Amino acid sequence: MKKKHHHKKKVSPAKKWSAKLHLWFGLSVGIIVFIVSLTGTLYVFKDEVQNSLRKEAIYIKQEDSSKKPLSINLLREKVSMELNEKYPLNSVEISLDKGKSYRFLYYEKSKKGWNYFQQVLINKQVYINQYTGEILAVYDEKYDVFNILKYIHWGLLLNSEWGPYVVGIPTVLFIIMLITGIILWWPKNKNARKGRFWFNWKNVKNWKRKNYDLHNVLGFYASFIALIMSITGIYFAYPYVKNTFNLTLSGYWEQPKEKQIKSPDSLMAKRSDLFDITALQTEKLYAEASSYRISLNGKNKKGKELTNLPITIYGQEGRFSERNTLTFDKYTGKLLANKPHHKLNNAEKYANANYDIHTGSYFGLFGKIIWFIAGLICTSLPVTGFLIWWGKRKKQGKKI
């Protein structure tokens with residue numbers, strides 16, 4: 001009688017290499033993926049938590065809101081005198097909800113230093129009652145837990161020049177891990193596929209099997225959201241990723257630089273009511289907006305002098321995707337340019353929306369909840385994956 005030979009199922013080259021890459025990359029960058037996923041997940045509901053904790057500073061008394069607001073310049077001088085900081089005020093954010101206070105921002109950054117704490121010289125938010133001039137609260141954002149979480153997520157608290165690359169490279173490898181994970185999960189036939197969409201633990205008592213299912217099933221469901229989060233993340237870190245989006249969406253590699261507008265009406269002496277004039281025009285043009293930000297120090301993000309006065313208007317609270325820009329003469333307050341959101345090209349619209357897509361806020365509260373759940377699963381994947389590898393390693397060791 002002939003003995004039956006049991007042949008092992010042939011593994012396709014795609015799955016074979018996917019398994020190797022999935023394992024190697026997982027072991028090499030798993031700890032960074034864990035840290036980045038955890039900090040990003042905890043950051044998702046930052047606005048909701050802060051708005052709740054800072055309620056008394058954000059909202060002012062109803063009887064005050066019926067008064068006329070004080071001059072922005074006067075409020076700026078009051079904040080500067082009371083806080084007596086060595087750095088000038090950076091900007092002020094004004095809500096179109098008259099029941100909310102003005103928010104003045106101190107922000108100064110140095111190129112020197114190897115970590116976040118050395119680079120950020122000051123980052124303070126000052127809430128002030130615009131009707132009475134009373135300072136309601138001062139928050140040191142440099143040491144705020146959410147800001148620290150953000151910069152761990154962004155670059156492990158390292159120098160902002162090269163910190164994002166330290167996180168960016170593992171994120172690229174994580175994208176490959178997600179793709180290889182889907183390839184490994186995908187079964188050959190439909191019958192086997194059905195069993196991989198949910199847990200079947202009726203007769204399973206072994207924790208290793210349950211851990212394996214957690215990694216496979218939850219990883220599969222989270223992988224598609226995780227791909228969006230990862231790609232939008234490296235969009236910030238690598239210029240060539242952003243340029244690829246530009247080319248795809250608008251047909252050019254780099255966005256054209258904004259032309260400097262020169263006003264013949266510019267004067268050598270700046271009007272004392274300049275900010276009030278520009279604020280009034282902004283509120284007339286964008287009465288349905290959420291808030292707007294006025295630059296107070298006359299400098300851009302890189303510290304260079306601005307030739308004009310830009311004002312950024314946000315369409316919806318808690319979102320940066322719908323952004324409009326007004327440009328005023330920095331001496332007279334004359335309106336020089338109006339660039340509404342709907343007139344931006346596709347690449348510019350996406351550039352404004354990328355942060356909201358990355359955090360899930362682009363899709364509202366529902367999006368944030370989905371992103372939060374996906375983030376928790378991503379945080380668990382390096383742990384469950386390591387336990388699978390460790391379990392197999394111990395099993396192989398016993399056979400030897």
Side-chain angles (χ1 to χ4, degrees), residues 69-77 79-80 85 87-96 102-109 111 122-123 125-126 130 242 246 250 252 254-316 319-355:
L70 298 172
S71 162
I72 294 171
N73 211 37
L74 181 67
L75 293 169
R76 179 177 72 159
E77 287 174 3
V79 171
S80 298
E85 295 288 349
Y87 303 103
L89 279 161
N90 183 275
S91 62
V92 60
E93 186 162 333
I94 299 171
S95 173
L96 271 81
Y102 284 11
R103 190 155 51 101
F104 284 85
L105 174 68
Y106 280 103
Y107 188 80
E108 195 74 31
K109 193 177 176 182
K111 290 182 179 180
I122 188 171
N123 185 2
Q125 300 257 18
V126 184
Q130 64 269 33
K242 185 176 182 178
N246 290 340
S250 294
Y252 53 81
E254 289 185 2
Q255 289 190 31
K257 291 182 179 179
E258 291 284 339
K259 291 181 180 178
Q260 296 292 338
I261 306 167
K262 291 183 179 180
S263 172
D265 299 326
S266 292
L267 306 172
M268 290 307 293
K270 189 180 288 186
R271 290 186 59 156
S272 60
D273 59 350
L274 172 71
F275 299 124
D276 298 309
I277 291 170
T278 55
L280 190 64
Q281 291 181 75
T282 300
E283 292 186 22
K284 280 183 179 178
L285 288 167
Y286 291 97
E288 302 301 317
S290 170
S291 64
Y292 56 97
R293 185 183 290 263
I294 304 175
S295 174
L296 297 176
N297 64 354
K299 294 180 180 180
N300 62 14
K301 289 180 180 178
K302 293 181 179 178
K304 291 182 179 179
E305 285 288 332
L306 292 166
T307 55
N308 299 300
L309 175 65
I311 294 183
T312 306
I313 304 101
Y314 303 102
Q316 294 182 48
R319 283 178 59 173
F320 298 96
S321 51
E322 194 178 315
R323 247 181 282 181
N324 313 280
T325 308
L326 291 174
T327 305
F328 295 92
D329 183 282
K330 69 177 182 179
Y331 298 106
T332 65
K334 178 185 175 182
L335 180 62
L336 302 177
N338 180 4
K339 196 172 183 181
H341 172 76
H342 69 269
K343 286 191 177 180
L344 301 177
N345 61 47
N346 291 331
E348 288 172 321
K349 285 179 181 177
Y350 182 81
N352 288 346
N354 188 72
Y355 175 85

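Counting from 1, the numbers follow the sequence of the chain as shown. Since we're looking at a predicted model, the values are computed, not measured.
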Nearest heavy-atom pair of [X] and [Y]: which atoms, and what distance?
| X | Y | answer |
| --- | --- | --- |
| Gln125 | Leu105 | CD-CD1, 4.2 Å |
| His341 | Ser321 | CE1-O, 3.2 Å |
| Asp329 | Asn308 | CA-OD1, 4.4 Å |
| Ala289 | Ile313 | CB-CG2, 3.4 Å |
| Glu254 | Asn246 | CA-ND2, 4.1 Å |

Between atom [atom1] of [X] and atom [atom2] of [Y], what is the distance when rounded to the nearest 0.5 Å?
| X | Y | atom1 | atom2 | answer |
| --- | --- | --- | --- | --- |
| Ile72 | Phe104 | CD1 | CZ | 7.0 Å |
| Ser95 | Arg103 | OG | CZ | 9.5 Å |
| Gln281 | Lys334 | CD | NZ | 11.0 Å |
| Thr278 | Tyr292 | OG1 | OH | 7.5 Å |
| Tyr102 | Ser291 | OH | OG | 12.0 Å |
| Thr282 | Asn338 | OG1 | CG | 9.0 Å |

[Y] and [X], any side-chain heavy atoms less than 4.5 Å apart:
| X | Y | value |
| --- | --- | --- |
| Glu283 | Ile94 | yes |
| Glu85 | Ile122 | yes |
| Leu96 | Tyr286 | no |
| Tyr314 | Arg323 | yes |
| Ile277 | Phe328 | no |
| Lys339 | Glu348 | yes |
| Leu285 | Leu335 | yes |
| Ser80 | Leu89 | yes |

Check your understanding: So Asn324 and Ile311, side-chain contact (heavy atoms from CB on, under 4.5 Å) or not? Walk me through it.
Key -> CA-CA 8 Å; Asn324 313 280; Ile311 294 183; over 6 Å; no

Exercise for review: Applying side-chain contact (heavy atoms from CB on, under 4.5 Å), run through Leu70 and Gln130 and close with a yes or a no.
Suggested key: CA-CA 6 Å; Leu70 298 172; Gln130 64 269 33; 5.9 Å; no

**Study point:** Donor + acceptor pair across side chains of Asn354, Tyr350 (<3.5 Å)
**Key:**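 On atom types as modelled, these side chains qualify, holding a pair under 3.5 Å.
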
Practice item. Return yes if a side-chain donor-acceptor contact under 3.5 Å exists between Asn297 and Tyr107, otherwise no. Key: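 Checked: Asn297/Tyr107 side chains show no N/O donor-acceptor pair below 3.5 Å.
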
Is the side chain of [X] donor-acceptor paired with the backbone N or O of [Y] at a distance under 3.5 Å, no angle test?
| X | Y | answer |
| --- | --- | --- |
| Arg76 | Leu296 | yes |
| Lys330 | Gly298 | no |
| Ser71 | Asn73 | yes |
| Ser250 | Ala347 | yes |

Check your understanding: Would Val92 and Leu75 satisfy side-chain contact (heavy atoms from CB on, under 4.5 Å), going step by step from the backbone distance to the final call?
Key -> CA-CA 10 Å; Val92 60; Leu75 293 169; over 6 Å; no

Review point. When Pro310 is tested against each of Thr307, Thr312, Leu306 for side-chain contact (heavy atoms from CB on, under 4.5 Å), which residue passes?
Key: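 When Thr307, Thr312, Leu306 are each tested with Pro310, the side-chain contact (heavy atoms from CB on, under 4.5 Å) holds only for Leu306.
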
